[in-house]
Amino acid sequence: MPVTPDRMTGRTVLITGGTGGIGKATAIGLAGLGARVGIVGRDPARGQAAADEISRRSGNPAVDAFAADLSCQAEVRRLAAAVLDTYPSLHVLVNNVGGFWAHRHLTVDGLEHTFAVNHLASFLLTDLLLDRLKAGAPARIVTVSSNAQALGRIDFDDLQGETSYSGPRAYNQSKLANVLFTYELARRLHGTAVTANVLHPGVVRTAFGAEDPSTLTRLARPLARFLKSPTQGAATSIYLASSAAVEGVTGQYFANRKPKRSNESAYDTGIANRLWLISGRLVVSPRGTAESAR
Ligand SMILES: NC(=O)c1ccc[n+]([C@@H]2O[C@H](COP(=O)([O-])OP(=O)(O)OC[C@H]3O[C@@H](n4cnc5c(N)ncnc54)[C@H](OP(=O)(O)O)[C@@H]3O)[C@@H](O)[C@H]2O)c1
């Protein structure tokens, strides 16, 4: 029997990357369950258009658009301040933002783009919103990883891909970082009523990878119609954000709404702690530590 998520009336949810793809479908689902939903994307006009569409398709007018480029740490901090100003309570954070870039790009902070957007933005935003989530507990932090985490390795000697960059390697590493981050966060939140889980959404028909596609991405385009729809891809995010079936469940990796074993190295607390400490340094002083983050 399919698990039906519980109603979200009275709950406030923030979804990064909520203007398109899986994030927008997650927003439609959670708004449809009665939550007040904030979505984050880079462009204010695109964000407002997405918020209007989410309201229309969910029948819920309580949808807010926040504009921030999460590749830039000052923007992450500005976003967190705006969210704290707008929402007196926050119950769910969905760290959904992420993407694939075939070539190495640097952010305004001098960091490798994939690592900055896919991992550090979620790391920093979670930290900045954590007290508000704790105050609204029971609360949930849901992070969107990928099956690609299984192929990932955290290369502490070249975290920023300075020596050698490959799009798939950077993506796999960042998605493993999502899992390590979640497991470590769950350990650090032990004894609170805030849970942290991470998921693979499936292979989904979205704009994923379109900003800087690889040859493989281009070749795979005709296969898009065989992939999951965004609505199907949002199912596990919605489940983890809302279902009573996972109340109190924390520190788990999910796919198809079921807990699953992740990359074995994600269970290594030494790696998780090392990544946490380096990430902490990189969000305090990105330029000062980007090259010395070993
Ligand atoms: N699609 C798949 O098959 C698949 C498979 C496994 C995992 N995933 C994961 O699922 C998540 C969502 O992916 P998707 O497929 O839905 O991707 P998508 O269609 O490309 O959507 C990406 C979302 O992120 C936003 N975004 C991108 N860069 C941003 C930035 N610098 N600052 C703020 N917002 C930014 C985009 O908004 P704007 O363009 O409006 O800024 C958009 O809302 C990612 O974490 C991805 O790794 C996807």
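Atoms within a ligand are numbered from 1 in the order they appear, just like the ligands themselves. We number each residue from 1, following the sequence as shown.
- Assignment of A121 to the shell around ligand 1 is not supported, since no heavy atom sits closer than 4.0 Å.
- A donor-acceptor pair is defined here as one N or O able to donate and one able to accept, closer than 3.5 Å; such a pair exists between the side chain of D158 and the backbone of T163.
- In terms of N/O distances under 3.5 Å, ligand 1 is approached by T206.
- Under the 4.5 Å side-chain heavy-atom criterion for ILVMFWY residues, a single connected hydrophobic cluster contains both L128 and L79.
- For A207, a nitrogen or oxygen atom sits less than 3.5 Å from a nitrogen or oxygen atom of ligand 1, counting backbone and side chain alike.
- At least one N or O atom of G17 sits closer than 3.5 Å to an N or O atom of ligand 1.
- Every N/O-N/O distance between V203 and ligand 1 stays at or above 3.5 Å.
- R36 has its side chain within reach of Y87: a pair of non-hydrogen atoms, C-beta onward, lies under 4.5 Å apart.
- Of the polar atoms of G20, at least one N or O is found under 3.5 Å from an N or O of ligand 1, judged by distance alone.
- For the pair E211 and ligand 1, the shortest N or O to N or O distance does not fall below 3.5 Å.
- Among all non-hydrogen protein atoms, the one lying nearest atom 2 (C) of ligand 1 is V204 N, 3.5 Å.
- Ion pairing between a basic and an acidic side chain is recognised when a charged N comes within 4.0 Å of a carboxylate O; R153 and E264 show no such pairing.
- Of the polar atoms of Y171, at least one N or O is found under 3.5 Å from an N or O of ligand 1, judged by distance alone.
- Taking only nitrogen or oxygen atoms, main chain and side chain alike, R46 reaches within less than 3.5 Å of ligand 1.
- A ring-centre distance under 6.0 Å is not found for F123 and F115.
- Between the side chain of E112 and the main chain of T114, a donor-acceptor pair closer than 3.5 Å is present.
- Qualifying ring-ring contact (aromatic ring centres under 6.0 Å, His included) partners for Y165, counting only residues two or more places apart in sequence or in other chains: none.
- Listed for the D212 side chain is a donor-acceptor partner under 3.5 Å among the backbone atoms of H103.
- Looking from atom 18 (P) of ligand 1 to the surrounding protein, the closest heavy atom is F208 N, 3.9 Å.
- The shortest N or O to N or O distance between G23 and ligand 1 is not below 3.5 Å.
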